[in-house]
Amino acid sequence: MSSPFVSRHIGSDSDEHTHMLKVVGHNSLDELMDAAIPESIRFHGELDLPAGISEEEAIAELRVIASRNTVATPMIGLGYYGTHTPAVIKRNVLESPAWYTAYTPYQPEISQGRLEALLNFQTMVTDLTGLTTANASMLDEATAVAEAMTLARRASKVKSLVYAVDADTLPQTLAVLRTRAEPLGLQVVLVDLDTEELPEEFFGLHLQYPGASGAIRDHQALVEAAHAKGALVTVAADLLALTLLRAPGEVGVDIAAGTTQRFGVPLGFGGPHAGYLAVRAGLERSLPGRLVGVSKDADGAPAYRLALQTREQHIRREKATSNICTAQVLLAVMAGMYAVYHGPAGLRAIAERTHGQAKKIAAGLAAAGVEITQAAFFDTVTARVPGKAAAIVAAAATQNVDLRLVDADHVSISTDETTTSAHVATVLQAFGATKTEKSGEAVIPAALNRTTDYLTHPVFNTHHSETAMLRYLRKLSDRDYALDRGMIPLGSCTMKLNATTEMEAVTWPEFANIHPYAPKSQTQGYEDLVAQLEAWLAEITGYDAVSVQPNAGSQGELAGLLAIRGYHRDRGESHRDVCLIPSSAHGTNAASAVMAGMRVVVVACDADGNVDLTDLDAKIEKHRENLSAIMVTYPSTHGVYETSIAELCGKVHDAGGQVYVDGANLNALVGFAKPGKFGADVSHLNLHKTFCIPHGGGGPGVGPVAVREHLAAFLPGDPLETGDHHAVSAAAHGSAGILPISWAYVRMMGPDGLAAATAAAVLSANYVAARLRDHYPVLYAGNNGLVAHECILDLRPITKATGVSVDDVAKRLIDYGFHAPTMSFPVAGTLMVEPTESEDLAELDRFIAAMISIKGEIDQVASGVWPKDDNPLSNAPHTASAVSADEWAHPYPRSVAGFPEGVDRTAKYWPPVRRIDGAFGDRNLVCSCPSPEAFED
Ligand SMILES: *Cc1c(COP(=O)(O)O)cnc(C)c1O
């Protein structure tokens, strides 16, 4: 008996399946799957997973796991702090499907709400850092600093490969920096800024502000010295501290990076939180990651969209400089809203209170004769207590307060907005200091005081009451189209159900409020959950070991390639550095290979969209000696189960190479084929695609890396104790806080439910392909003319004949109440549709009807009924304002514009802007909040 949840997750029921199977031409789901999947890779057993359970039972099990975590007061610091998530933001952003089920805003006309929220985030970062341009989030502080390092390398004219790094940098950042520097040949050289000189030559200088010890240093002279040598200066700066401290931009720093966790984002045992990256003028066009900018729509009204999209790694492939794709949008929205809600004065008050508590601790310790290692600090005090550090940390722990054990002689204490006077008293007691002292003196040197304004834009000075905030959040989310409105049929991104039950545990304090470096004795629940999930994922994929540390698919790719690199080097074959990548690959693949120190060699695809085995043979022959790996996506990015996969794996292995299977399309395999068993050595999965973590508008994600036995020793390790291991994110288990989502999905579905989901997904895709084939050519198919879990509709002949573009169809779908499919990936001029198992037949039929109706409109353009440049497609999407305007000069009626066939007039989604001019915005780059006057008519 399947768990009752299975029929909640899978949208279509068995009657609907019967109907769809008839259209597809098969008698049963089993028969369909037998016909679609090559026998050579087929897994015929049942996954060895616990039987599925109900939603109530899953919640009960999660409660037990959660109870094995201990919520303590986290005064450990190191970039992670206690914070109060304003309830209005917790419920209406973090727990609201309008925000968490949205997709990356590639269709800007239906994403204006989250684009505005991200513009707030960018403005907050640039204001506080004093720099000019910030992107819309990074994965965490450590990876943001790694991106700052490579950006500095690209921008510096100095030849040196030395990155001089402040010895007071956070240890996890150092671990990730070393991991990322080594394959690129960059040298991380630590410098004790208090006692040592800068190296003779270096391309970049990295500073931590405040330092890990809590010390704040005046960086002015260092910045000048570095610039004099032609180096760039990067700084990891704490945004809350910057409300009180002089901004990095004011001392000439070139790049700032860091985290926004303490702006209302729960700790979650390490994530997800939004990292940030900001640059001075002149570097904005080399900034990695997504950047929101202001442009205008067809009426000239201001409108937001992703700027400079051609920089994205999808386009740049092997020329890419970064592999970041999925970022931390949902968390960036939260952090930005925290600034909107508190405003500049509110943030400053939080910072002053935090600073005040730290001063009280310092004064109390000093009065008791304890030595403090630094005179100037913001929120962190380091005490020198020879031989007594462990005992003091233990004493505080008995009172449920976690301090940082630096070494046998030093303890650090960090305060935050949640620190109370009771906490201060507990800390002092642990040191044997009896009474709290009044702390009068200023400990921030006058030269380091912030004197410039920040967050002066009205958006940060308007929504301070809860009513105003609630309405602002609602206004923005109403502008957007997310899964709570209708299907998002995106190829490659599996926008399936994110069940409420799966989301529930994320905000429980036992998962949300755990510091990533809390003592192991407090985190048993998390360790159990991670171990169980990793074991289940290993069983599902057929691999031997899994690490959930990578906090996006891209990071899983890097971790997997680094494992391959480590393996070859370990065998004395470090010359193996060629990575073969099919021309159809996702852009992150090539970018990750470059970051892992590999040379990318592209393998052609044949006319059927499969890897061209003749070209593969040729490329293997040419690079046999140096072959490191091949990276292939399976099923292919064309949405097809390629029959040659097992043969392909054999060829690469015979030449001494390793096989990397990009597992982003695992939704077509779970329960039916295991990459680890059909010839691959390593894969990454995307838990934010196949395993129900919501897309969040472009993040968070989790990209576990899974390997066979021989690569297990090369998986990422704990960044605080890496030894020989590398680390790809700042916390041992990456974005652990959202792992309960995927845990709950697997637990509730069980082995039969998971396989049923795969079959339903494949059936849905084939049903869509079969119904639309007569209207739009379906580009590729595999065995028996079947596609896998997605299909590509070829618009190119239509575009050629009529001028109607893939863009026109995508924008017209908005008028019909749909999010467009993936546009022009992996083939330019096409649409890729992935319906997923979660959509029911009615929704699939509504989409199919819309596509057929649009084809009818295209025919009207083709036959000359409507002019090529003035028709419902070229003018799409239509806003309520355009449709109700007093003048209407188009050759088709208003009703066709606003209420095309099949649209429910009582539940119409109106896009807030008309089609956006992207090129205009790229020429006139504006990446912070525009003044309110810009919106006047
Ligand atoms: C989504 C995707 C990736 C990248 O994953 P992110 O989480 O966005 O970094 C890689 N490969 C393929 C095929 C994908 O679809």
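For ligands, and for the atoms within them, numbers begin at 1 and follow the listed sequence.
Near Asp662, meaning under 4.0 Å from any of its heavy atoms, are these atoms of ligand 1: 10 (C), 11 (N), 12 (C), 13 (C). Every atom of ligand 1 is numbered from 1 in the order shown, and the set under 4.0 Å from a heavy atom of Thr588 is 3 (C), 4 (C), 10 (C), 11 (N). Those atoms of ligand 1 that come under 4.0 Å of a heavy atom in Glu557, given as number and element, are 10 (C), 11 (N). Of all the atoms in ligand 1, the ones that sit under 4.0 Å from a non-hydrogen atom of Ser554 are 5 (O), 6 (P), 9 (O). Of all the atoms in ligand 1, the ones that sit under 4.0 Å from a non-hydrogen atom of His688 are 6 (P), 7 (O). Within ligand 1, the atoms closer than 4.0 Å to a non-hydrogen atom of Cys325 are 8 (O), 9 (O), numbered from 1 in the order shown.
For atom 5 (O) of ligand 1, the closest non-hydrogen atom of the protein is Asn686 ND2, 3.0 Å. Counting only heavy atoms of the protein, atom 8 (O) of ligand 1 lies nearest to Thr326 OG1, 2.6 Å.
Checked against the 6.0 Å centroid criterion, the rings of Phe818 and Tyr481 do not qualify as a close aromatic pair.
For Asn135 (side chain) and Ser137 (main-chain N/O), a donor-acceptor pair under 3.5 Å exists by modelled atom type.
Residue contacts with ligand 1 for Lys689 involve side-chain atoms from C-beta outward but no N, CA, C or O (heavy atoms, distance under 4.0 Å).
The NE2 atom of His695 sits 9.0 Å away from the CD1 atom of Ile488 when rounded to the nearest 0.5 Å. Remark: Leu687 CG to Leu537 CG distance equals 6.0 Å, nearest 0.5 Å.
The shortest N or O to N or O distance between Gly553 and ligand 1 is below 3.5 Å. Taking only nitrogen or oxygen atoms, main chain and side chain alike, His684 does not reach within less than 3.5 Å of ligand 1.
Screening Leu94, Asp484, Val93, Leu330 for a side chain to side chain contact (heavy atoms under 4.5 Å, CB included) with Tyr100, the sole residue that qualifies is Leu330.
With 3.5 Å as the limit, one finds no donor-acceptor pair spanning the side chains of Thr259 and Glu141.
Note on ring orientation: taking the six-membered ring where Trp is involved, the planes of Trp743 and Trp536 are tilted (angle from 30° to 60°).
Legend: residues meeting salt bridge (charged side-chain N to carboxylate O under 4.0 Å, His left out) with Asp612, ordered by chain and number and at least two apart, are absent.
If you check each of Ser492, Ser584, Ala585, Ala327 against atom 15 (O) of ligand 1, the one with the closest non-hydrogen atom is Ser492.
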